[in-house]
Participant: 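Dropping a structure here in structure tokens format, bear with me for questions.
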Amino acid sequence: MQDRAERKLIESAMKAPYLALEEEQDLAKRWYRKHDQQALHQLTVAHMRLVIAMAARFRNFGLPVADLIQEGHIGLLEAAARFDPERGVRFSTYATWWIRASMQDYVLRNWSIVRGGTSSAQKALFFKFRRLRAKLQKSMGTSSEIHEEAARLLGVSPADVAMMDARLSGPDLSLNAPMRDEGDASAERMEFIPSDDDPIDETVEHMIDGERRALWLTDALDVLDKRELKIIRERRLSDEGATLEALGTALGISKERVRQIESRAIEKLRSVLAREHPALAGGAV
């Protein structure tokens, strides 16, 4: 269905009449000065063969030709919107740049899920290196020689060329793709990606240790009196952490007195933990 629609579009474009210079200028002026939609339609239809010819140049990137033509048509409309017929330039000459730019942006957006070609130098490298690499491979043996020469010709660094070579050498791979080469069709690539997280046994061990220490500390809090417990809870065991001044106001004492009570309470806790659980004594609160 898509191939039939594509063929119909191409046939229609190829049947469109060529425009003589005077006719092209007349249509361009009608659109430029009066926003005549019929003039715009005639101007763009007559240049759709240019869009199709340009799309054929990008066919090797593996993207649907119909989509390339559609993107090129967008570039053609952009050219028409910006074209000034008073400058004496043929519309096809002016439109070529916009059509190519629109298709290049489409290729860069869709060729890979990894965003690339964000600078002018990188775009030039992306679209020129493949053809240049094929030419250099005939006279140079090693990849490093090819990268050095391509970098010199394209005005970029050898590292950029090497990175682009790696990108162009293989397609994107799904992390859910089965690892058939590993002899297990049920295993996916995702399962072989190294994790930065701790091993599960260590994670569980740390969780259990944390819960155990929290229980030890809760038991140790019983040695504190009411005021000491309030200060420790609000100063050390609260997410917000009350200030000495705020606690002093609440308790009707100076902030220095709060600090003294806090220090005494911490020493009490350390003493209990050192006696009951020596491993935790150094980090009571």
Participant: Between the side chain of S102 and the main-chain N/O of I99, is any donor-acceptor distance below 3.5 Å?
Facilitator: no
Participant: Which label fits W31 and H35: parallel for a plane angle under 30°, tilted from 30 to 60°, or perpendicular past 60°?
Facilitator: perpendicular
Participant: Closest heavy-atom contact between L76 and A95?
Facilitator: CD1-CB, 4.0 Å
Participant: Angle between ring planes, H47 versus F91, binned at 30° and 60°: parallel, tilted or perpendicular?
Facilitator: perpendicular
Participant: Please report the closest heavy-atom contact between A242 and L247, naming both atoms and the distance.
Facilitator: CB-CG, 4.0 Å
Participant: Looking only at atom types and distance, does a side-chain atom of N110 sit under 3.5 Å from a main-chain N or O of Y106, one as donor and one as acceptor?
Facilitator: yes
Participant: For the pair K255 and E262, evaluate salt bridge (charged side-chain N to carboxylate O under 4.0 Å, His left out) and give the outcome as yes or no after the intermediate values.
Facilitator: CA-CA 10 Å; K255 64 179 183 180; E262 179 186 20; over 6 Å; no
Participant: Check the hydrophobic clustering (I, L, V, M, F, W, Y; side-chain heavy atoms under 4.5 Å; chains of links allowed) and say if M54 and L108 are grouped together.
Facilitator: yes
Participant: Taking R270 first and then E267, would you say they form a salt bridge - that is, a charged N and a carboxylate O separated by under 4.0 Å?
Facilitator: yes
Participant: Roughly how far, to the nearest 0.5 Å, is the CD atom of Q260 from the OG atom of S254?
Facilitator: 7.0 Å
Participant: Distance under 6.0 Å and angle within 45° of the ring axis: does R49 meet both against Y18?
Facilitator: yes
Participant: Are I74 and L40 connected, step by step, through hydrophobic side chains (Ile, Leu, Val, Met, Phe, Trp, Tyr) whose heavy atoms are closer than 4.5 Å?
Facilitator: no
Participant: So how far is it from K29 NZ to Q25 CD, rounded to the nearest 0.5 Å?
Facilitator: 5.5 Å
Participant: Mark yes when over 12 heavy atoms from residues, nucleotides or ligands other than E23 sit less than 6.0 Å from its CD; otherwise mark no.
Facilitator: yes
Participant: Of all the heavy-atom pairs spanning W98 and G75, show the shortest one and how long it is.
Facilitator: CB-O, 3.3 Å
Participant: Quick one, L27 with E24, criterion side chain to side chain contact (heavy atoms under 4.5 Å, CB included). Give me CA distance, side-chain angles, the key distance, then yes/no.
Facilitator: CA-CA 5 Å; L27 292 172; E24 177 186 296; 6.0 Å; no
Participant: Please report the shortest heavy-atom distance between A55 and L68, naming the atom on each side.
Facilitator: O-CD1, 3.8 Å
Participant: Check this for me, if you would: do E71 and R109 make a salt bridge, where the nitrogen-to-carboxylate-oxygen distance has to be below 4.0 angstrom?
Facilitator: yes
Participant: First locate atom CG of L136, then atom NE2 of H147, and finally report the distance between them rounded to the nearest 0.5 Å.
Facilitator: 10.0 Å
Participant: So how far is it from L77 CG to H73 NE2, rounded to the nearest 0.5 Å?
Facilitator: 4.0 Å
Participant: Do I231 and L224 have side-chain heavy atoms sitting under 4.5 Å apart?
Facilitator: no
Participant: Please report the shortest heavy-atom distance between V51 and I69, naming the atom on each side.
Facilitator: CG1-O, 3.4 Å
Participant: Test salt bridge (charged side-chain N to carboxylate O under 4.0 Å, His left out) on E234 and K230; report intermediate values, then the result.
Facilitator: CA-CA 6 Å; E234 296 194 22; K230 178 178 177 61; 2.5 Å; yes
Participant: Would you please test T44 and M48 for side chain to side chain contact (heavy atoms under 4.5 Å, CB included) and show each step?
Facilitator: CA-CA 6 Å; T44 54; M48 277 303 294; 5.8 Å; no
Participant: Would D160 and S157 satisfy side chain to side chain donor-acceptor pair (under 3.5 Å), going step by step from the backbone distance to the final call?
Facilitator: CA-CA 5 Å; D160 287 341; S157 70; 3.2 Å; yes
Participant: Are I266 and L244 co-members of a hydrophobic cluster defined by side-chain heavy atoms under 4.5 Å apart?
Facilitator: no
Participant: Apply the test salt bridge (charged side-chain N to carboxylate O under 4.0 Å, His left out) to residues E78 and R82: give CA-CA distance (whole Å), side-chain angles for both, the deciding distance (0.1 Å), then the verdict.
Facilitator: CA-CA 6 Å; E78 185 69 23; R82 296 171 179 267; 2.5 Å; yes
Participant: Applying side chain to side chain contact (heavy atoms under 4.5 Å, CB included), run through I146 and L132 and close with a yes or a no.
Facilitator: CA-CA 9 Å; I146 294 174; L132 181 59; over 6 Å; no
Participant: Just verifying a value: how many Å separate I52 CD1 and E11 CD, rounded to the nearest 0.5 Å?
Facilitator: 10.0 Å
Participant: Measure the spacing between CG of L229 and CG of L221 and express it to the nearest 0.5 Å.
Facilitator: 6.0 Å
Participant: Among R233, R236, R264, R235, which residue meets the salt bridge (charged side-chain N to carboxylate O under 4.0 Å, His left out) test with E228?
Facilitator: R264
Participant: Do L43 and M14 belong to the same hydrophobic cluster, where Ile, Leu, Val, Met, Phe, Trp and Tyr are linked whenever their side-chain heavy atoms lie under 4.5 Å apart, directly or via other members?
Facilitator: yes
Participant: Show, in sequence, the C-alpha distance, side-chain angles and deciding distance for M103 and R57, and conclude whether the side chain to side chain contact (heavy atoms under 4.5 Å, CB included) test is met.
Facilitator: CA-CA 10 Å; M103 290 185 184; R57 301 182 185 181; over 6 Å; no
Participant: Sub-3.5 Å donor-acceptor pair from the side chain of T93 to the main-chain atoms of V89, do we have one?
Facilitator: no
Participant: For a quick test of reading the model, state the closest non-hydrogen atom pair linking I232 to A265 and the distance between them.
Facilitator: CG1-CB, 3.6 Å
Participant: Linking I/L/V/M/F/W/Y whenever any side-chain heavy atoms sit under 4.5 Å apart, do Y32 and L19 land together?
Facilitator: no
